[in-house]
Amino acid sequence: MRLITQRVHMNRCNCRDTRQITLDRDFNVPDVRPDALSVMKEQGNVQIEEARMVEGRANIKGELVFQILYAVDGEMPVSEMQGSIPFEESIPLPCAGRDDELTVCATIEDLRSELINSRKIGLKAAICLEVSADTVCDGEGAVDIEEADHVLCRKKTLDISRLVFTGKDTLRVRDEWKLAGTKDAVGEILYADYSLGEMNTRVNENELQVDGQAHVFLIYLSDGEEPEMNFEENTIPIEGKIDCSGCDAGMVAQVTSEIHSRDIEIKEDEDGESRILDVELVIGMGIKVYGQDQLELLTDFYSTKEKCQPVFEDSYFENLIVQNKNRTRISGKLSADSDRVPLQIWNVSGDLRIDRKIPKDNGMQVEGALDVSVLYLTEDERIPLVSVKGALPFEQFIEADGMTEDSNAWVRGSLEQISGSVTGDKEIEIKAVAAIELIAFERIEEPIIADFTSEEIDWKARSREPGMIGYVVQAGEELWDIAKRFFTTVESLMSMNEIESGDVHEGDILLIMKEMSPEG
């Protein structure tokens, strides 16, 4: 007889850990930039450059890329400076292997800048690194036995998820629009802020369909002999496709996205005025696509004519329990600067921060805060723009039938919409919509039969045994176990003992008829 095997694709999260790192550095204002009067606003994103396993530790290299908007005491009311802070971190992952695939999710939990003097600004950041190590491999598992009429088989059907595609790619988005007639033509851009809004993905045949929005906010000086400060904001539609070989519409995608680079060009309209803005964004995307399979495994077998012993190997699978994207509304009020009354809100931006992820039966409790920054115009001619900040807490329970505390869960939050309005002299009302996505997998560990040993039965010795015996069922035994031990069949035991349901219990007494040799 011969085992019939099937290649089995397995993936499992071996180890996961979270580490918070702190970055603190002072930066000189570039010589080409004017002196700073006060810091107004900062933004940043983390870019992971390398992640690899070395002797049980995940070595991660990356950088925090930042942009700071500051007030200027002079003809130019505001200016900006950009820079980056590189970092390296080593995180212990004792259960991970050297060849495991590392996934790093980096989020900024806190970002603050302060004016040290007119030519120096300090930046502090707290970054959370969530690292997981996954084993992705192919194994051989027995699914049946060939040429063995005297062999009894036991099988099990498993619902499993298999990793069909994993990779990183970029999506280029370009949009061009003309300023409204009520806006001044652009002379010089002083500050530009880009952020992703609602992002939706869908798996199609050999591709990933991406639909979403990006938001652009600009502060600029008008074109003319007496330039004035103005602003422009716009929403850019995102549409595109990314090649994902081997995927189809029935599969589930786990996607992260961030803006890697951006470029803006000022063009002249038909009247020769600088009123056309051409923006190009490069969006980096991390993609994993999972397909669902049913796998029928051979879990045990024996022969009534020879001694057979399966050889088992450990195997591991994951089965998708749920992919759920919940949207939650967040609202609250911020206090404006007590000395500067807001006349007009120019920009409202925010970062969604997830502080706690609490796995529960049939769901996940998510708690965090929306860090908000509001930029508004005042009557102060010396500092016409003022920025205020605040945090609005939120909590959301995401339902996931079948989920337990041991499930392998992935949670990602994003800010889809945010707006602000002045409700009083010193109050700004914030309204936002956040999306929280949960993907949860059930962990399955199932021994698979990789080989077997066999030897002949000593029929002469067996002929001297009694033709029928009484047997007392032990704790945890099934009819299968007893039939295998005495080289008989479950059907024979049920017939001999007039058992209809096939269930036996500890202490039951069974009559067992000895099987004859192959020669009879």
Side-chain angles (χ1 to χ4, degrees), residues 39-48 62-70 78-85 106-108 111 113 123 125 169-179 183 186 188-201 210-221 229-240 255-267 276-286 345-353 370-375 385 387 389 412-420 432-435:
V39 173
M40 304 179 68
K41 183 180 179 181
E42 61 281 306
Q43 64 171 351
N45 70 289
V46 180
Q47 298 180 1
I48 302 299
E63 63 176 357
L64 169 67
V65 180
F66 68 87
Q67 183 180 17
I68 297 174
L69 175 69
Y70 64 89
V78 296
S79 185
E80 69 164 355
M81 61 179 289
Q82 301 178 13
S84 64
I85 304 177
T107 55
I108 300 175
L111 183 64
S113 57
L123 186 74
D169 211 328
T170 57
L171 186 66
R172 291 184 178 272
V173 179
R174 189 169 185 173
D175 192 37
E176 184 179 277
W177 73 95
K178 185 177 180 180
L179 293 179
K183 292 289 183 75
V186 180
E188 179 185 356
I189 294 177
L190 302 178
Y191 176 78
D193 185 356
Y194 306 81
S195 61
L196 291 179
E198 181 177 357
M199 294 288 289
N200 296 307
T201 58
V210 182
D211 298 288
Q213 295 178 339
H215 305 296
V216 180
F217 170 71
L218 307 173
I219 300 176
Y220 67 92
L221 288 179
M229 187 172 62
N230 211 327
F231 75 97
E232 169 69 5
E233 57 183 352
N234 194 33
T235 298
I236 297 176
I238 297 174
E239 293 182 3
V255 181
T256 60
S257 55
E258 61 183 4
I259 297 176
H260 272 186
S261 63
R262 64 273 180 96
D263 187 48
I264 186 167
E265 183 180 354
I266 305 170
K267 297 181 179 180
I276 296 176
L277 298 173
D278 188 346
V279 174
E280 183 179 58
L281 303 177
V282 177
I283 302 173
M285 309 194 76
I345 292 178
W346 276 25
N347 178 248
V348 181
S349 61
D351 292 304
L352 193 70
R353 169 165 44 92
L370 175 61
D371 295 319
V372 182
S373 176
V374 179
L375 195 64
L385 284 181
S387 177
K389 301 174 184 178
R412 184 83 171 179
S414 60
L415 181 62
E416 293 192 342
Q417 300 174 27
I418 187 168
S419 62
V433 177

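What you see is a predicted model, and the numbers here were worked out from it, not measured in a lab. One is the number of the first residue; the rest follow in order along the sequence.
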(request) To the nearest 0.5 angstrom, please state how far the OG atom of Ser373 sits from the CG atom of Leu69. (result) 9.0 Å
(message) Using the rule given for side-chain hydrogen bond (donor to acceptor under 3.5 Å, both in side chains), can you reason through Gln67 versus Glu42, listing the C-alpha separation, both sets of side-chain angles and the distance that settles it, and then say yes or no?
(response) CA-CA 6 Å; Gln67 183 180 17; Glu42 61 281 306; over 6 Å; no
(message) Working to the nearest 0.5 angstrom, can you tell me the gap between Ser195 OG and Ile259 CD1?
(response) 6.5 Å
(message) Counting C-beta onward and ignoring hydrogens, is there a side-chain heavy-atom pair between Val78 and Met229 closer than 4.5 Å?
(response) yes
(request) Kindly give the heavy-atom pair with the smallest separation between Ala125 and Leu64, and that separation in Å. (result) CB-CD2, 3.6 Å
(message) Looking at every heavy atom in both Val46 and Ala106, which two are closest together, and how far apart are they?
(response) CG1-CB, 3.6 Å
(request) Return yes if a side-chain donor-acceptor contact under 3.5 Å exists between Lys41 and Ser113, otherwise no. (result) no
(request) Measure the CD1-CG distance between Ile283 and Leu196 for me, rounded to the nearest 0.5 Å. (result) 5.0 Å
(message) So Val279 and Asp263, do their side chains get closer than 4.5 Å, heavy atoms only?
(response) no
(message) Within the 4.5 Å heavy-atom criterion, are Leu375 and Met40 side-chain neighbours or not?
(response) yes
(message) Would you say that more than 12 heavy atoms from the other residues, nucleotides or ligands in this model lie under 6.0 Å from the CD of Glu265, or not?
(response) yes
(message) Check this for me: does any side-chain nitrogen of one of Glu232 and Lys183 sit under 4.0 Å from a carboxylate oxygen of the other?
(response) yes
(request) Output yes when a side-chain donor or acceptor of Ser84 lies under 3.5 Å from a complementary backbone atom of Val65, and no otherwise. (result) no
(message) For a quick test of reading the model, state the closest non-hydrogen atom pair linking Pro237 to Asp175 and the distance between them.
(response) CD-OD2, 4.1 Å
(request) Look up atom OH in Tyr191 and atom CE in Met81, then write down how far apart they are to the nearest 0.5 Å. (result) 13.0 Å
(message) For a quick test of reading the model, state the closest non-hydrogen atom pair linking Tyr194 to Leu281 and the distance between them.
(response) CD2-CD2, 3.7 Å
(message) Restricting to ring-ring contact (aromatic ring centres under 6.0 Å, His included), what partner residues turn up for Phe231, sequence neighbours left out?
(response) Trp346
(message) I'd like to check the ring-ring contact (aromatic ring centres under 6.0 Å, His included) partners of Phe217; sequence neighbours left out, ordered by chain and number.
(response) none
(request) Nearest 0.5 Å please: distance from the CD1 atom of Ile219 over to the CG atom of Leu385. (result) 5.5 Å
(message) With a 4.0 Å cut-off on N to O distance, would you call Lys389 and Asp371 a salt bridge?
(response) no
(request) State whether a side-chain donor-acceptor pair under 3.5 Å links Gln213 with Glu198. (result) no
(message) Measuring only between side-chain heavy atoms, which start at C-beta, is Ile266 closer than 4.5 Å to Ile276?
(response) no
(message) Show the nearest heavy-atom pair for residues Ser257 and Met285, with the distance to one decimal.
(response) CB-CE, 4.0 Å
(request) Please examine the side chains of Asp351 and Leu370, heavy atoms only from C-beta on, and report whether any two atoms are closer than 4.5 Å. (result) no
(request) Return the minimal non-hydrogen interatomic distance between Leu415 and Val433, and the atom names on each side. (result) CD1-O, 3.6 Å
(request) Could you grab the distance from atom OG1 of Thr107 to atom CZ of Arg412, nearest 0.5 Å is fine? (result) 8.0 Å
(message) If you define the side chain from C-beta out and look only at heavy atoms, does anything of Leu277 sit under 4.5 Å from Glu176?
(response) no
